[in-house]
Amino acid sequence: MLFTSYEFVGFLLVCFFLYYLIPKRFQWILLLIASWYFYFQGGVWYPLFLFFTSLTVYLTGRRLAQIGQEQEAYLRQHQMDRDEKKAYKKSIKARMKRWMLLCLLANLAVLAVLKYCNFAIENINRLLYIAGTEYEITYLDLLLPIGISFYTFQALGYLLDVYWQKIPAQKNFFKFALFLSFFPQMSQGPISRYSDLSQTLYEEHAFDWRNIRFGLERILWGYFKKLVIADRLYPAVSYITGDPEYYTGAFVFVGIIFYAVQLYADFTGGIDITIGAAQVFGVRIRENFERPFFAKNIEEYWRRWHISMGTWFRDYVFYPLSLSRPMKNLTTFTRKHFGIKIGKRSAVYASTLTVWLATGIWHGASWNYVMWGLMNGVVILASQELEPLYKRFHKRFPGLKEKRAYAAFETVRTFLLMGCLRLFDNYQDVKTAFGAFLHMFTQFDLSMLNAEEFSYLDLTGADYLIVLFGALLMFAVSMIQRRGSVREYIAAKPYPVRYMVFALLFFSVILFGAYGIGYDSSQFIYNQF
């Protein structure tokens, strides 16, 4: 059930009316039923995988809580000296760790088999071919449940928080099942934390017209970005990346800009619908974007783009990995053999590259995403190594940072750098992506960018004007957001102005939305992850 389908709109309306008609104590139960119905529409067998994750993580969380309670009771009832207490706590921690690892590995194994098994088979077959054997492993016809990467990571984040005793384990299985399956965020995230989402997910919510209106306005803005901008640009991006031998040089540069706008409008549009739909029910979901195209370097960009994913990898992979025993051993080894300077960096660099490798693999089972992840890590590390050079440069030109022109240069530089890295995302293989990048410098010809060539991209002059208007509107909204909420800003205006703005936005979606055959819009890009 796509967010942009008539079925979803009808489904949301039915849920909305029932939600505020039934007794408030049953509201979370309605959301649970609606969420599992929503997920069932994606595939008959999909709920089985979601149920497995929900049940195993819930039971493990309860077991960890029980072990913790047993420890507290035992310590109250028995007098022990410091060493005995330390040894006892260590044994309890080992028990908890075994339970945690068993559940974590079981759920990661399900994700790995469903999402990466055929990728592994493909590479094994390639090695067998190189070795000269005719034997070939048969590919498996496996299901890939919608949103499995999102809900698996959300579940494992909860599990680790319980293990680290940051949050109490949820006692009610059905409430935990709702936390994992809450339908607005099932398809493309964000990856919510239990400590955040649970604050409003289980509460009783009275009808609040202001809150509901803000939610509907956010949904409408998401539809505008998705249907008017992202889906309209989709054919042009597909033409450019689908024929890399013809669309070279300057058109690669055009493709970088088009795809950046398309991806941003598509992904943030979906998140807008997610946050808006949740707000209609009184549920608060954290923001997943913070004006990423205003970032002045790649590190800042990743603090602003897909925030929930970045913080998940930081908190649950980078920090534990960088402080782990293997990394401490690596630091000791490199200090001894390569000196203090390299020794200080080795654990951080190894952890950073591992995290970005995992991030790339999380996005997709292909070498393109592996290379995309590693290249992000390499650029970030290179930037850190060049930090002393940056400091000397700014010391030599102290007033440069305060100039708007230099800030604009940093922003454009970061935008183009990220666009180049996305070549691994939108070209079919690593070789083609590298070739497209080189062609921007070796075959750059501005004469290619003429009206006739642009007309071959399946867009009319009116389409380009609509995209330009939409992109400028997104930019204007981002500028206003630097000073506060756009919806709050509009809400402060007189009624005629307020309703005229959203009437124009509504009719823009209806009149200028790019709809396919049967008035169906295209799939959201991040649904594939």
Side-chain angles (χ1 to χ4, degrees), residues 48-117 120 148-177 179-180 191-195 198 311-332 347 350-351 354-355 357-358 361-362:
L48 290 177
F49 299 99
L50 178 59
F51 179 76
F52 171 81
T53 298
S54 302
L55 184 63
T56 55
V57 175
Y58 167 77
L59 291 176
T60 304
R62 295 291 298 137
R63 180 58 181 151
L64 294 176
Q66 183 183 11
I67 294 173
Q69 292 168 359
E70 291 173 357
Q71 173 185 266
E72 292 177 4
Y74 187 87
L75 290 174
R76 284 196 303 267
Q77 296 169 6
H78 296 81
Q79 294 293 328
M80 292 182 288
D81 60 32
R82 183 178 179 182
D83 291 337
E84 289 175 332
K85 187 179 289 187
K86 184 177 180 181
Y88 174 72
K89 286 185 175 181
K90 186 176 180 181
S91 67
I92 291 295
K93 193 69 175 179
R95 283 178 60 195
M96 295 177 71
K97 188 175 183 178
R98 285 194 293 271
W99 278 101
M100 180 274 292
L101 287 176
L102 179 64
C103 182
L104 185 145
L105 292 174
N107 281 278
L108 285 179
V110 171
L111 177 63
V113 169
L114 296 180
K115 193 169 181 179
Y116 306 107
C117 186
I148 186 171
S149 297
F150 291 103
Y151 73 69
T152 299
F153 274 31
Q154 188 160 306
L156 297 184
Y158 163 85
L159 177 68
L160 289 168
D161 282 345
V162 171
Y163 171 71
W164 291 326
Q165 298 181 336
K166 291 183 175 180
I167 59 171
Q170 171 58 250
K171 296 179 180 179
N172 188 319
F173 169 73
F174 296 104
K175 285 188 175 182
F176 178 72
F179 164 69
L180 283 195
I191 306 170
S192 293
R193 305 290 179 95
Y194 181 81
S195 56
S198 62
T311 54
W312 195 97
F313 276 104
R314 181 196 66 196
D315 295 343
Y316 300 116
V317 181
F318 178 79
Y319 287 151
L321 182 61
S322 60
L323 298 174
S324 65
R325 185 176 297 276
M327 288 302 167
K328 290 179 181 178
N329 293 338
L330 176 63
T331 299
T332 302
S351 299
T354 301
V355 165
L357 173 62
I361 293 173
W362 178 85

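When reading the values below, keep in mind they use all heavy atoms of this one structure, side chains included, and skip hydrogens, waters and symmetry mates.
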Partner of Lys166 under side chain to side chain contact (heavy atoms under 4.5 Å, CB included), picked from Asp161, Asp315, Leu160, is Asp161

Are the aromatic rings of Phe150 and Trp362 close, with centres under 6.0 Å apart? yes

Could you tell me whether the side chains of Thr152 and Asn107 share a donor-acceptor contact shorter than 3.5 Å? no

What closest approach, in Å, do Gly61 and Val162 show between heavy atoms, and which atom pair accounts for it? O-CG1, 3.8 Å

Quick check, are the ring centers of Tyr316 and Phe153 under 6.0 angstrom apart? no

Set of side chain to side chain contact (heavy atoms under 4.5 Å, CB included) partners for Arg95, sequence neighbours left out: Arg63, Ile67, Glu70, Ile92, Arg98

Could you go step by step and tell me if Arg193 and Thr311 meet the side chain to side chain contact (heavy atoms under 4.5 Å, CB included) rule? CA-CA 10 Å; Arg193 305 290 179 95; Thr311 54; 3.6 Å; yes

All ring pair (Phe, Tyr, Trp, His ring centres under 6.0 Å) counterparts of Tyr88, not counting sequence neighbours: Tyr74

Compute both the distance and the angle, then confirm whether Lys171 meets the cation-pi test with Phe176: under 6.0 Å from the six-membered ring centre, within 45 degrees of the axis. no

Could you check whether atom NZ of Lys97 has more than 12 heavy atoms from other residues, nucleotides or ligands sitting under 6.0 Å from it? no

Tyr158 and ring-ring contact (aromatic ring centres under 6.0 Å, His included): which single residue from Tyr163, Tyr194, Trp164, Tyr58 fits? Tyr194

Could you give me the CA-CA distance, side-chain angles and deciding distance for Ser149 and Lys115, then say whether side-chain hydrogen bond (donor to acceptor under 3.5 Å, both in side chains) is met? CA-CA 9 Å; Ser149 297; Lys115 193 169 181 179; 2.6 Å; yes

